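Heads up, the thing below is written out as structure tokens.
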2 protein chains.
Amino acid sequence: MSKKKEVTIYDIASALNISIATVSRALKNDPVVSKRTKKKIFDLAEKMGYRTNHFARNLRNQKTNTIGVIVHELNSNFITSVLAGIEKVTAEAGYDLIIAHSSESFSKEIANAKNLFHKRVDGLIASLSLETKNLDHFKSFEEKNVPVIFFDRVEQEGNNTVVVIDNDKCGYQATQHLIQQGCKRIVHITSNLKRNVYSKRFKGYKEALADNGIPYDEKLLIINDLSERAAIESTMKMLKMNPLPDAAFITNDFVAAICMRTLKENNIKIPEDIAIVGFNNDAICTLVEPALSTINYPGIDVGEVAASNLINHLKGIGNLQNTNTIIIRSNLIIRKSSLKK
Amino acid sequence: MSKKKEVTIYDIASALNISIATVSRALKNDPVVSKRTKKKIFDLAEKMGYRTNHFARNLRNQKTNTIGVIVHELNSNFITSVLAGIEKVTAEAGYDLIIAHSSESFSKEIANAKNLFHKRVDGLIASLSLETKNLDHFKSFEEKNVPVIFFDRVEQEGNNTVVVIDNDKCGYQATQHLIQQGCKRIVHITSNLKRNVYSKRFKGYKEALADNGIPYDEKLLIINDLSERAAIESTMKMLKMNPLPDAAFITNDFVAAICMRTLKENNIKIPEDIAIVGFNNDAICTLVEPALSTINYPGIDVGEVAASNLINHLKGIGNLQNTNTIIIRSNLIIRKSSLKK
DNA sequence: AAAAAAAATGTAAACGGTTACATTTATCAA
DNA sequence: TTGATAAATGTAACCGTTTACATTTTTTTT
């Protein structure tokens, strides 16, 4: 089962009786090579089944042409949209992608970072796990001047570049909308408040309450880990409240969908008894009943913006040093789950 | 913004006044190097921040340590499960992954195959797009003896190795179950019958009908492209049938969910008026109302099996030459959407 | 037709590992 | 102490590109 020997520029050169330098230049379409020679070389390369050895090239060029991506989970509509956006931009620019996921574990995130660092990615795009306590594992990238862009779950310390939405405003809008529907006891189901996305949405939630003269009640705040089991538990907590809340702002559509199912199983009417607003605008929103109001968080845009900024930086166009925060447009989508009137 | 120079085995060697050969051997933990020397080398490598240059190594070793994956779409629960399974196995074995998706387009699948071929992946795992007409674009892999494993959407021509479920049986079981519920006019909503998965499920559907003395009616067969729009159109077609069908076996949970929503919008009761069985067992199944009966198609197992067979082949353990088909266990899950009694 | 300038091509040294083979050093038996 | 053997280390070629610099060929100018 011996592999056929690979064709190299030496084979092409000696077949045409020219130097490897000319072959190398021709294959990169260097204008310095004459059209006649180029044609001969292209044709023969095609015929011989030549393929570039990227290792030799990268070894020589001292760059990997690879972007690393670290996400917390793959099983998420939002994340796959972001990946699609990243993929689109990086593929066009001729970069490869190595995708790693941490399963929300800090130690796995550290391992992923170390691995991608050793693989020498030219740049990194990352969203933090729920458990992540610090950014020490990204220091090595900084030391070697490898650019890192964070998106969604980010940390503002130091001079990172981050791509986010205005989570504060989104939390405010969602809550304000529920208040306008006449809701007064609005539960907030969210996740680890150490993560910017959740703390900011929480901040917006509180601000909207305050602006409407509704006192903040910490009993209405429920934290969970975004799993199905946790979503059910959170809902049960909500059901035990007395008096029952009249709305819930939930920072994740999947959790919101589980919550709605559990509420319905317990004979709660949505939105009449409890109005619901989710977050992300996953495909699931229009499949559950009633359709789920949510914040539209366009993952594809996030991915595209993160990737194109990174690549422009790598190409020397633009510079991330002076770019601190990029805010992507987002908006509230009102559906039946929150329409009381 | 000059990058700090990378540390190489030469730097370590000269710092310790030994040869690069010893350093190279030590870093690979070659037993031929003495413990004393090894320790010195490890410690210094750590201290100097040495990282292996994979390009130099791979160039010399003539292998890439990379597995290519081609899928039709990322936005699918099933596919992300498969990827998770593949990732688990390949990461443990120390292989990298390059993931490409064709967006169901034949030309993009060809481009992806060509790209991965030029990147010289050591092996390939692929599921075909809906549009794919032939496997010519995988011939180059065969020629260079690069192993290819197909999963889910496969083509049995030639001597490929494929990882699938018993789609025939699944189609039979789903249909049989609906018949047992008393259904007689069972619509089958599926996709391109040129793809094995759909043709086999269709075959099972027809066999179950035949075994129960129900004549096959081709008017009850609806083909679509799995998009939301197509799912709605398919449902409208179903609604226009006279008499109305009493069940639908739909080969995709997402399409089934859209279909259920559309039916409900048109005041059809599920399962009383029309019973539904989907396919895949996506998370969505228990979030729609009523909960969706489906075929459990464990993507993670598919991914793990495909990847471990590929890697064993690469390592010389086991051989794919004589492995034609691997069938993964699957089963019918009965929920409310199909329970008439 | 010769000189000057421009275009095309060639030479050879990197890039950073791996490893067959050669050499040195350590260990042990007689 | 010596020679034989085993253990450890070293030398140098190789993997397939890229590119600064050198050289040759072609074109233009006078």
Side-chain angles (χ1 to χ4, degrees), chain A residues 2-42 44-45 48-66 94 96 117-120 122 144, chain B residues 2-42 44-45 48-66 94 96 117-120 122 144:
Chain A
S2 68
K3 274 192 201 180
K4 255 188 252 157
K5 184 74 173 34
E6 286 289 343
V7 179
T8 71
I9 54 172
Y10 288 89
D11 301 324
I12 298 179
S14 64
L16 292 175
N17 217 351
I18 54 181
S19 78
I20 56 158
T22 302
V23 176
S24 171
R25 285 190 272 253
L27 290 172
K28 284 188 310 169
N29 215 359
D30 190 320
V32 87
V33 180
S34 75
K35 290 119 207 43
R36 258 170 47 80
T37 317
K38 247 185 213 171
K39 173 134 182 38
K40 278 196 300 186
I41 292 173
F42 277 133
L44 187 62
M48 294 176 83
Y50 169 82
R51 37 180 191 170
T52 312
N53 187 317
H54 293 265
F55 299 113
R57 167 179 291 174
N58 291 340
L59 172 60
R60 171 62 215 223
N61 286 348
Q62 296 286 77
K63 56 186 300 247
T64 66
N65 253 286
T66 303
D96 273 336
F117 179 69
H118 277 269
K119 294 269 163 61
R120 305 194 190 201
D122 289 336
K144 295 271 184 195
Chain B
S2 68
K3 273 192 200 178
K4 253 189 255 156
K5 185 73 174 36
E6 285 289 342
V7 179
T8 71
I9 54 172
Y10 289 87
D11 302 324
I12 298 179
S14 65
L16 292 175
N17 218 350
I18 55 183
S19 77
I20 57 159
T22 302
V23 176
S24 171
R25 284 192 272 253
L27 290 172
K28 284 188 310 169
N29 214 1
D30 189 323
V32 87
V33 180
S34 74
K35 291 119 205 39
R36 259 171 46 80
T37 318
K38 247 186 215 171
K39 174 138 181 32
K40 277 196 300 186
I41 293 173
F42 277 132
L44 186 63
M48 294 176 84
Y50 170 81
R51 38 181 188 169
T52 311
N53 187 316
H54 292 265
F55 299 114
R57 168 180 291 173
N58 290 341
L59 173 59
R60 173 63 217 220
N61 286 346
Q62 296 286 76
K63 56 184 301 241
T64 65
N65 254 286
T66 303
D96 273 335
F117 180 68
H118 278 269
K119 295 268 163 61
R120 305 192 191 203
D122 290 336
K144 296 271 185 196

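What you are looking at is a predicted structure, and each value in this text was computed from that prediction instead of being measured. Heavy-atom basis, side chains included; hydrogens, waters and symmetry copies ignored. By convention in this document, chain letters (A, B, ...) are assigned in the order of the sequence lines, proteins followed by strands, and residues within each chain are numbered from 1.
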Task: Axis deviation across the helix from dA1(C)-dT30(D) to dA30(C)-dT1(D), five-pair ends, to the nearest 10° - done: 40°
Open item on the list: Taking only side-chain N and O atoms of Tyr50(B), does any of them lie within less than 4.0 angstrom of OP1 or OP2 on dG17(C)?
Closed with: yes
Open item on the list: Between Leu44(B) and Tyr50(B), is there a side-chain heavy-atom distance shorter than 4.5 Å?
Closed with: no
- [ ] Examine dT18(C): is either OP1 or OP2 under 4.0 Å from a nitrogen or oxygen in the side chain of Ser24(B)? Give yes or no.
- [x] yes
- [ ] Please report, rounded to the nearest Å, how far the C1' atom of dG16(C) is from the CE atom of Met48(B).
- [x] 14 Å
Task: Side-chain heavy atoms of Lys119(A) within contact of Thr66(A), under 4.5 Å - done: no
Expected rows: protein N/O vs nucleotides 23-25 of chain D N/O, under 3.5 Å:
none

TODO: Would you mind reading off the distance between Leu59(B) atom CG and dT18(D) atom C1', rounded to a whole angstrom?
DONE: 13 Å
Task: Presence of Lys28(B) side-chain N/O under 4.0 Å of dG17(C) phosphate oxygens OP1/OP2 - done: no
Task: Heavy-atom donor-acceptor pair, Arg120(B) side chain to Thr52(A) backbone, under 3.5 Å - done: yes
Task: Length of the CZ-P vector between Arg120(A) and dC15(C), whole Å - done: 13 Å
Task: Side chain to side chain, Val23(B) and Leu16(B), heavy atoms closer than 4.5 Å - done: no
Open item on the list: Could you work out, with salt bridge (Lys or Arg N to Asp or Glu O under 4.0 Å) as the rule, every residue matching Lys39(A), not counting sequence neighbours?
Closed with: Asp43(A)
- [ ] Rounded off to whole Å, could you give me the CD-to-C1' distance for the Glu6(B) and dA14(C) pair?
- [x] 16 Å
Open item on the list: Counting the atoms with a prime plus P, OP1 and OP2 as sugar-phosphate, which does Asn58(A) contact under 4.0 Å by heavy atoms, base, sugar-phosphate, or nothing?
Closed with: nothing
TODO: Could you tell me which non-hydrogen atom of Gly94(B) sits nearest to which non-hydrogen atom of Asn65(B), and how far apart they are?
DONE: O-OD1, 3.3 Å
Open item on the list: Between the base of dT18(D) and the side chain of Arg60(A), is there a donor and acceptor pair under 3.5 angstrom?
Closed with: yes
- [ ] With sequence neighbours excluded, tell me which residues meet side-chain contact (heavy atoms from CB on, under 4.5 Å) with Ser34(A).
- [x] Arg36(A), Thr37(A)
Would you tabulate the nitrogen or oxygen pairs shorter than 3.5 Å linking the protein to nucleotides 6-11 of chain C?
residue, atom, partner, partner atom, Å
dT9(C), OP1, Thr37(A), OG1, 2.5
dT9(C), OP2, Ser34(A), N, 3.2
dT9(C), OP2, Ser34(A), OG, 3.4
dT9(C), OP2, Thr37(A), OG1, 3.2
dG10(C), OP2, Ser19(A), N, 2.7
dG10(C), OP2, Ser19(A), OG, 3.0
dG10(C), OP2, Thr22(A), OG1, 3.0
dG10(C), N7, Arg25(A), NH2, 2.7
dG10(C), O6, Arg25(A), NH1, 3.2
dG10(C), O6, Arg25(A), NH2, 3.0

Open item on the list: How many whole angstroms separate atom CZ of Phe55(B) from atom C1' of dT18(D)?
Closed with: 15 Å
Open item on the list: Just the rounded figure in Å: distance from C1' of dT18(C) to CG of Asp30(B).
Closed with: 11 Å
Task: Residue pair Thr64(B) / Asp122(B), side-chain donor-acceptor N/O under 3.5 Å - done: yes
Task: Between C1' of dC15(D) and CG of Asn53(A), the distance in whole Å - done: 8 Å
Task: Note, Ile12(A) side chain near Met48(A) side chain (heavy atom, < 4.5 Å) - done: yes
Open item on the list: Looking at Gln62(A), I'd like to know whether one of its side-chain N or O atoms comes within less than 4.0 Å of OP1 or OP2 on dA14(C).
Closed with: no
Open item on the list: Closest approach to the side chain of Ile9(A), judged atom by atom: which nucleotide of dC15(D), dT18(D), dG16(C) is it?
Closed with: dT18(D)
Open item on the list: Suppose the criterion is salt bridge (charged side-chain N to carboxylate O under 4.0 Å, His left out): which pairs have a residue in residues 51-62 of chain B, not counting sequence neighbours?
Closed with: Glu6(B)-Arg51(B)
Open item on the list: Just the rounded figure in Å: distance from P of dA8(D) to CG of Leu16(B).
Closed with: 17 Å
TODO: Heavy atoms only: give me the nearest Asp11(B)-Thr8(B) pair and the separation to one decimal.
DONE: OD2-N, 2.8 Å
- [ ] Please report the closest heavy-atom contact between Gln62(A) and Asn53(B), naming both atoms and the distance.
- [x] OE1-ND2, 4.4 Å
